[in-house]
Amino acid sequence: MSIEPVVLFFLLGVIAGVARSDLKIPPAIYEFLSIFLLLAIGLKGGVKLAEYPLASLLVTSLVVVGVGALIPLAAFPVLRYVGGLSRADSASIAAHYGSVSVVTFSVAVALLEQMGLNYEGHMIVYLVLLEFPALMIGVILARRGEAGMSRCGRLFHEVFFGKSILLLIGGLVIGYIAGADGITPLDKFFFDLFKGLLAFFLLEMGLVAASRIADLRHHGVFLISFAVLTPIMSGFAGILLGLLIGLSVGGAFLLGVLYASASYIAAPTAMRIAVPEANPALSIGASLGATFPFNIFVGIPLYWWFAEFVYRHAS
């Protein structure tokens, strides 16, 4: 399996950041890229989702979300009692790892398309649904026994009406209503330009990731080990679950990538509101400084190899 070219843009950003280059992506362009990618992913998923009866997704969606909720529940005691982190930091980091990364998912989708492989359109539904439980569980773990209804109310609003979820769901609904034929006039903009604009976004992510390396180095081997081992175990679990619920090898691979990814967009915003005493340098440093680069360069090829291995031996 060859390296997906857009990944090299991330590497370029990391090199520029480490070398302290003056390379910067203007904030307005970064905002545009974020909006474009979220809408494009939603539209693409909606078009594919239109090919499936929604009633058939209910049971599998509940299973996928239920298993996904186990990730922050398993991560919390490791962070709290093995790593010795505070309750707030442990809950915040656990929420990041139970949530998902849209950009990691985008790179995995681009890889499948490069290889000409199909996947189930409702994977985008899983991506959207998996955002919620981890954030709620993170707040519950951090606030166990405390009254914080006002913060929880703000969190619910941020999760359900924040940019990430709103654009994903909006794009999903528009793509579903329009269908493959109706979306054709927008193909050249949202689909043909997707990988090119993703490359620019990954360039910026490389610059940001390089700026977080110092945070990880300061907090020792434990957090780096957690940021690498957790996605491997979660990713393999997702692939095995994909096999059990009847997904194709491409779909199971994407489910593994979703479980293996860690949020650095929705989760930091939500945790800043709900758990302000948590140190964001730890959670963002782990998710963006270690897990994201690991998944891009090592994890995604590893999860694809495991998915192929599992499906080859299961058939």
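Ile245 CD1 to Tyr126 OH: the interatomic distance, rounded to the nearest 0.5 Å, is 4.5 Å. In this structure, NE2 in His96 is found 14.5 Å from CD1 in Ile71, a value given to the nearest 0.5 Å. To the nearest 0.5 Å, atoms NE2 (His122) and CG (Leu129) are separated by 11.0 Å. Summarising the geometry, atom CG belonging to Leu207 is positioned 11.0 Å from atom CD1 belonging to Ile15; distances are rounded to the nearest 0.5 Å. Rounding to the nearest 0.5 angstrom, the gap separating the CG atom in Leu186 from the CG atom in Leu43 is 7.0 Å. For the atom pair Leu127 CG and Thr104 OG1, the distance stands at 10.0 Å (nearest 0.5 Å).
Counting only distance, with no hydrogens or angles, the side chain of Ser99 and the backbone of Ala95 share no donor-acceptor pair below 3.5 Å. Formation of a donor-acceptor pair under 3.5 Å by the Thr184 side chain with backbone atoms of Asp181 is found in this model. Distance alone, capped at 3.5 Å, is enough to place a donor-acceptor pair between the Arg87 side chain and the Leu141 backbone. Looking at Ser92, its side chain never comes within 3.5 Å of a backbone N or O of Ala88 through a donor-acceptor pair. Ser21 places no side-chain N or O within donor-acceptor distance of the main-chain N or O of Gly17, the cut-off being under 3.5 Å.
Using a 4.5 Å cut-off on side-chain heavy atoms (C-beta onward), Leu79 and Leu223 make contact. Side-chain contact check for Val64 versus Leu258: every heavy-atom pair is 4.5 Å or farther apart. For the pair Val103 and Phe292, the minimum side-chain heavy-atom distance is below 4.5 Å. The shortest side-chain heavy-atom distance between Phe253 and Phe306 does not fall under the 4.5 Å cut-off. The shortest side-chain heavy-atom distance between Thr291 and Tyr97 falls under the 4.5 Å cut-off. Residues Tyr259 and Val67 form a side-chain contact, since some pair of their non-hydrogen atoms from C-beta on lies under 4.5 Å apart. At a threshold of 4.5 Å between non-hydrogen side-chain atoms, the residues Tyr119 and Glu113 count as touching. Counting heavy atoms from C-beta outward, Leu111 and Gln114 have side chains that approach closer than 4.5 Å.
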Q: Evaluate the criterion side-chain contact (heavy atoms from CB on, under 4.5 Å) for residue pair Leu247 and Tyr311; output intermediate values, then yes/no.
A: CA-CA 10 Å; Leu247 294 178; Tyr311 273 69; 4.2 Å; yes

Q.
Could you go through Leu112 and Trp304, starting from their C-alpha distance and side-chain angles, then the distance that decides it, and tell me whether this counts as side-chain contact (heavy atoms from CB on, under 4.5 Å)?
A. CA-CA 10 Å; Leu112 290 180; Trp304 174 248; 3.8 Å; yes

Q) Are Leu23 and Leu203 close enough, and set up right, to give a side-chain contact (heavy atoms from CB on, under 4.5 Å), and what steps lead you there? A) CA-CA 10 Å; Leu23 174 65; Leu203 178 65; 4.1 Å; yes

Q.
Checking Met123 against Leu255 for the side-chain contact (heavy atoms from CB on, under 4.5 Å) test, could you report, in this order, the C-alpha distance in whole Å, the side-chain angles of both residues, the deciding distance, and whether it holds?
A. CA-CA 7 Å; Met123 298 308 301; Leu255 183 58; 3.8 Å; yes

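Ring centers of Phe201 and Phe36: at least 6.0 Å apart, outside the cut-off.
When all heavy atoms of Pro72 and Gly68 are compared, the pair lying nearest together is CD-O, 3.4 Å. Contact detail for Ala75 and Ala94: the closest heavy-atom pair is CB-CB, 4.1 Å. Counting all heavy atoms, side chain and backbone alike, Ala134 lies closest to Gly98 at CB-C, 3.2 Å. When all heavy atoms are compared, the tightest approach of Val78 to Ala74 is CG2-O, 3.5 Å. Minimum interatomic distance between Tyr30 and Glu204 (heavy atoms only, all atoms of both residues): CD1-CG, 3.4 Å. Contact between Gly289 and Pro293 at its shortest, heavy atoms only, is O-CG, 3.6 Å.
One hydrophobic cluster holds both Met115 and Leu198 under the rule that ILVMFWY side chains link at heavy-atom gaps under 4.5 Å. Note on Met233: it does not cluster hydrophobically with Tyr303, by side-chain heavy-atom contacts below 4.5 Å among ILVMFWY residues. Hydrophobic clustering places Ile35 together with Leu37 (ILVMFWY residues linked when any side-chain heavy atoms are closer than 4.5 Å, directly or through intermediates). Under the 4.5 Å side-chain heavy-atom criterion for ILVMFWY residues, a single connected hydrophobic cluster contains both Ile124 and Val63. Hydrophobic clustering places Ile177 together with Leu172 (ILVMFWY residues linked when any side-chain heavy atoms are closer than 4.5 Å, directly or through intermediates).
The 12-atom threshold is not exceeded at CZ of Phe200, counting heavy atoms of other residues, nucleotides or ligands nearer than 6.0 Å. Shown here is Phe226, whose CZ atom has more than 12 heavy atoms of other residues, nucleotides or ligands within 6.0 Å.
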